[in-house]
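In each ligand, atom 1 is the first atom listed, and ligand 1 is the first ligand listed.
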Amino acid sequence: MREGTRTYAWSAAPGWMVSALLLLVLLSLLGGCVSKKEPAGDGVTTIVFKHGKIAGDPALLRRLIETFEARNPDIRVKDETLPASTDEQHQFYVINLEGKSRDFDVLSMDVIWVPEFAKTGWLRDLSHLLPEGERDEFFPGPMQAVTYRGALYAVPWYIDAGLLYYRKDLLDKYGLKPPQTWQELVKTARYVTEKEPGLYGFIWQGKQYEGLVCNVLEYFWSNGGDVLKNGKVVINSPENVEALRFMTDLIGRYGVTPRLVVTAIEEPTRHIFGSGRALFMRNWPYAWNIFQREDSPVRGKVGVSRLPSFPGKPSASTLGGWQLGVNRYSRNPEAAERFVRFLTSAEAQKTLALTIGYKPTRRSLYRDPDLIAQQPFIASLHDVFMTARPRPVTPYYMLMTQVMQSEFSAALSGTKSPEDALKSAQEQIEQMLGAE
Ligand code: GLC
């Protein structure tokens with residue numbers, strides 16, 4: 001009935017009234033459209049920046065993004081966080097880029113992924129963002145990692161290398177020095193933990209994931225071993241067997257490493273050390289800034305040095321770090337490139353180093369007086385980063401690491417002997433590379 005009444009009201013209205021009403025409806029619709037379109041009409045482009053979870057306060061990165069937005073009023077940046085683990089982030093990108101996703105414009109990539117992503121055609125060529133003369137300013141390791149067939153597919157954002165953190169206060173208390181060799185580390189850890197009940201000796205990252213490979217390679221290299229040499233697979237060598245056995249002994253025979261490391265990634269070990277429960281820790285440089293916070297139980301008590309090595313061999317750190325690239329399918333590549341340029345600038349890298357503790361990929365910052373005043377050891381890190389060893393730079397790295405992760409993990413958890421694990425890794429990697 002009501003419908004009928006309404007129909008009647010319409011048909012009974014004079015013609016001018018109907019026209020006026022229609023005009024009003026049209027105008028309001030148009031108005032709606034205009035106001036909705038306004039931001040775009042203003043030329044504001046929104047880009048999405050994907051990155052891994054920040055250890056520490058996420059507001060620190062947000063503040064830097066706001067600086068960019070203030071200077072680029074035509075761009076808004078939505079930053080979206082992925083899990084902290086590199087393996088999970090890799091999986092996210094493979095699934096989404098395989099599906100040609102346009103849901104993100106800028107992506108932060110682990111140093112090991114760029115050749116793979118570039119080969120697959122998922123990244124925009126960014127060679128024009130870094131003029132030749134500026135490239136020398138960056139550490140060579142990450143520059144090599146972002147170069148594929150002569151072109152740059154990302155810009156190095158921050159750099160990582162494995163470091164030894166130690167409790168300076170406790171070593172001083174017992175008149176001891178930071179260890180130069182792995183054997184010295186064992187001796188020192190046993191000595192101090194006997195006197196300090198409840199203290200772990202040495203913690204590191206032993207879960208089956210990428211970080212485990214980073215840890216194991218540091219023992220291989222610091223014993224003269226390697227994974228590939230002149231294109232040949234050399235993972236099953238006496239040096240590597242000895243190094244892997246030493247790692248299992250840290251947990252078993254020497255008892256200086258608690259068994260919990262076989263399930264630990266970076267953050268749990270950082271928490272244990274940061275709460276004052278370990279003498280030594282292997283970790284990336286980011287942990288330092290967190291230890292120096294006002295409320296940190298270890299503030300002012302932590303020293304950092306190069307990792308130890310086997311006697312007579314040089315110390316070796318795995319090269320890590322993150323690079324910024326632009327999604328090939330991005331709808332806003334110019335805005336995305338402007339943001340990459342800003343976030344990798346010396347100014348932004350310095351801010352990130354002072355706040356979050358991410359270490360710059362631009363070498364000149366290692367002489368920056370503000371950075372040296374806040375982190376006195378930063379100048380010595382320059383050499384560590386210059387000599388840090390890259391994991392094999394190949395588009396097939398992710399296949400190789402799957403094998404290494406499971407074989408190394410089997411050796412650490414005791415389900416395989418180091419000999420068997422490395423023999424099996426050798427066979428699988430040879431087969432894999434032979435098939436390519
Ligand atoms: C850090 C490094 C990265 C490495 C990862 C392993 O994020 O920067 O290169 O792959 O740790 O957990």
A.B. asks: Which atoms of ligand 1 are found less than 4.0 Å from any heavy atom of Glu210?
C.D. replies: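 In order of number, 10 (O).
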A.B. asks: Using modelled atom types and a 3.5 Å cut-off, is there a donor and acceptor pairing between side-chain atoms of Glu218 and backbone atoms of Ala316?
C.D. replies: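 Between the backbone of Ala316 and the side chain of Glu218 there is no qualifying donor-acceptor contact (under 3.5 Å).
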A.B. asks: Check each atom of ligand 1 against the heavy atoms of Asp160 and keep those under 4.0 Å away; list them by number with element.
C.D. replies: 1 (C), 2 (C), 7 (O), 8 (O)
A.B. asks: Mind checking whether Tyr93 and Phe117 have parallel, tilted or perpendicular rings, split at 30° and 60°?
C.D. replies: perpendicular
A.B. asks: For ligand 1 and Gly320, I'd like to know whether there is a polar contact (N/O to N/O, distance under 3.5 Å).
C.D. replies: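 No; every N/O pair is 3.5 Å or more apart.
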A.B. asks: Taking the six-membered ring of Trp284, is the NZ or CZ of Arg282 close enough (under 6.0 Å from the centre) and on axis enough (within 45°)?
C.D. replies: yes
A.B. asks: Taking the six-membered ring of Tyr191, is NZ or CZ of Lys195 closer than 6.0 Å to its centre and within 45° of its axis?
C.D. replies: yes
A.B. asks: Are any of the N/O atoms on Thr86, whether in the backbone or the side chain, positioned under 3.5 angstrom from an N/O atom of ligand 1?
C.D. replies: no
A.B. asks: Tell me which one of Trp284, Trp322, Tyr158 gets a heavy atom nearest to atom 7 (O) of ligand 1.
C.D. replies: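 Residue with the shortest heavy-atom distance to the ligand atom: Trp322.
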A.B. asks: I need the atoms of ligand 1 closer than 4.0 Å to a non-hydrogen atom of Gly211, numbered in the order shown.
C.D. replies: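 Answer for ligand 1: 6 (C), 12 (O).
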A.B. asks: For Phe291, does its backbone N or O pair with a side-chain atom of Ser296 as donor and acceptor, under 3.5 Å?
C.D. replies: yes
A.B. asks: Considering only the protein, which heavy-atom contact is closest to atom 9 (O) of ligand 1, and what is its distance?
C.D. replies: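 Result: Asp110 OD1, 2.6 Å.
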A.B. asks: So between Gln89, Glu266, Arg391, whose heavy atom ends up nearest atom 12 (O) of ligand 1?
C.D. replies: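 Ranked by closest heavy atom to atom 12 (O) of ligand 1, first place is Glu266.
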A.B. asks: Name every donor-acceptor pair, under 3.5 Å, that has one atom in a side chain of residues 145-159 and the other anywhere in the protein, sequence neighbours excluded.
C.D. replies:
residue	atom	partner	partner atom	Å
Thr147	OG1	Met143	O	2.6
Trp157	NE1	Leu343	O	3.2

